[in-house]
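Following: one structure in structure tokens, then a few remarks.
Computed from a predicted structure; not experimentally measured.
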Amino acid sequence: MSAIILAGQINAALDAHAKWKQRLNTAIERGHCDSSPSDIACDDKCAFGKWLHGDAMPQTVRDGVPYQVTKRLHAEFHKTAGQVATLVEAGDRVGARHVLTTEYAERSDKLSRALNKWRSELMMPA
């Protein structure tokens with residue numbers, strides 16, 4: 001898998017995961033999620049997660065630190081998004097907003113930084 005393809009997937013992941021905050025904000029406002037909390041909590045149901053866990057990912061990439069860090073942070077991101085969704089579905093908008101602005105924001109930021117770092121490392125000349 002070329003660095004350009006990897007970088008493209010990382011760009012797509014950054015875009016898609018930036019939209020999660022808006023989706024969760026909308027869910028809090030409406031008091032209902034457009035997906036089940038269990039689906040949101042799964043890190044292999046979004047397009048990036050399917051790619052990250054998929055068969056097309058070479059073992060050499062899987063063995064690398066950037067992949068391992070990203071995979072762990074991606075799972076934590078989805079777990080926390082699922083917690084927000086669970087609170088929304090339970091009618092706890094205040095709790096959902098609190099998790100969104102604290103723990104979720106922190107995990108989202110860490111994932112974004114890891115993805116940006118991975119992408120920049122891919123684009124560095126060897």
Side-chain angles (χ1 to χ4, degrees):
M1 183 172 297
S2 76
I4 293 172
I5 291 171
L6 280 168
Q9 288 292 338
I10 291 168
N11 286 336
L14 284 163
D15 290 342
H17 285 90
K19 293 175 183 171
W20 269 104
K21 184 175 181 181
Q22 182 57 42
R23 286 180 67 193
L24 293 171
N25 268 317
T26 299
I28 292 169
E29 290 169 11
R30 292 183 182 162
H32 180 70
C33 297
D34 59 359
S35 298
S36 73
S38 62
D39 281 351
I40 293 170
C42 287
D43 71 325
D44 62 353
K45 294 200 183 249
C46 68
F48 182 70
K50 289 176 183 175
W51 174 78
L52 200 61
H53 290 277
D55 294 336
M57 185 66 66
Q59 191 61 47
T60 55
V61 174
R62 289 178 192 274
D63 291 340
V65 172
Y67 173 87
Q68 294 296 321
V69 169
T70 299
K71 184 178 174 191
R72 177 181 53 82
L73 293 174
H74 184 249
E76 291 173 1
F77 169 89
H78 275 280
K79 180 180 176 187
T80 306
Q83 290 171 345
V84 172
T86 297
L87 291 167
V88 167
E89 293 298 326
D92 185 358
R93 291 180 181 182
V94 172
R97 176 82 52 211
H98 174 75
V99 173
L100 183 70
T101 59
T102 58
E103 191 176 343
Y104 172 87
E106 179 182 328
R107 295 200 195 283
S108 179
D109 182 57
K110 282 182 180 179
L111 177 59
S112 293
R113 283 185 286 149
L115 288 166
N116 280 312
K117 185 174 189 282
W118 189 8
R119 182 183 58 199
S120 69
E121 290 172 359
L122 290 168
M123 297 292 112
M124 295 173 82

Hey, are Asn116 and Arg113 close enough side-chain-wise for a donor-acceptor pair under 3.5 Å?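 No, because no side-chain N or O of Arg113 sits under 3.5 Å from a partner of the opposite role on Asn116.
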
When you check the side-chain N and O atoms of Thr80 and Glu76, is any donor under 3.5 Å from an acceptor?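 Per modelled atom types, Thr80 and Glu76 side chains form no pair under 3.5 Å.
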
Can you confirm whether [X] sits close enough to [Y] that some side-chain heavy atom of one is under 4.5 Å from a side-chain heavy atom of the other?
X     : Y      : answer
Leu14 : Arg119 : yes
Trp20 : Ile40  : yes
Arg23 : Ser35  : yes
Thr26 : Asp34  : no

Ile4 and Trp51: same hydrophobic cluster, using ILVMFWY side-chain contacts below 4.5 Å?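 Different clusters: Ile4 never reaches Trp51 through Ile, Leu, Val, Met, Phe, Trp or Tyr contacts under 4.5 Å.
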
Search all heavy atoms of [X] against all heavy atoms of [Y] and return the closest pair with its distance.
X     : Y     : answer
Cys33 : Ala27 : SG-CB, 3.8 Å
Ala13 : Phe48 : CB-CD1, 3.1 Å
Gln83 : Val99 : OE1-CG1, 4.3 Å
His32 : Val88 : N-CG1, 3.5 Å
Met57 : Tyr67 : CG-CE1, 3.9 Å

In this structure, are over 12 heavy atoms from other groups packed under 6.0 Å from Arg30 atom CZ?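 Counting other residues, nucleotides and ligands, CZ of Arg30 stays at 12 neighbours or fewer.
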
Can you sort out the partners of Glu106 under salt bridge (Lys or Arg N to Asp or Glu O under 4.0 Å), two or more places apart, ordered by chain and number?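 Once residues adjacent in sequence are excluded, the partners of Glu106 under the salt bridge (Lys or Arg N to Asp or Glu O under 4.0 Å) criterion are Lys110.
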
So if I apply the side chain to side chain contact (heavy atoms under 4.5 Å, CB included) rule between Asp43 and each of Lys79, Arg72, His53, which one comes out positive?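 Option passing the side chain to side chain contact (heavy atoms under 4.5 Å, CB included) with Asp43: His53.
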
What orientation do His78 and His74 show, parallel under 30°, tilted 30 to 60°, or perpendicular over 60°?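 Because their plane-to-plane angle is over 60°, the rings of His78 and His74 count as perpendicular.
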
Give a yes or no on whether the backbone of Pro66 and the side-chain of Thr70 come within a donor-acceptor separation of less than 3.5 Å.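 Yes, because the side chain of Thr70 sits within donor-acceptor range (under 3.5 Å) of the backbone of Pro66.
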
side-chain hydrogen bond (donor to acceptor under 3.5 Å, both in side chains) partners of Thr102, counting only residues at least two apart: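 For Thr102 there are no side-chain hydrogen bond (donor to acceptor under 3.5 Å, both in side chains) partners, ignoring immediate neighbours.
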
Which value, rounded to the nearest 0.5 Å, describes the distance between Asp39 atom CG and Lys45 atom NZ?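 One finds 4.5 Å between CG of Asp39 and NZ of Lys45.
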
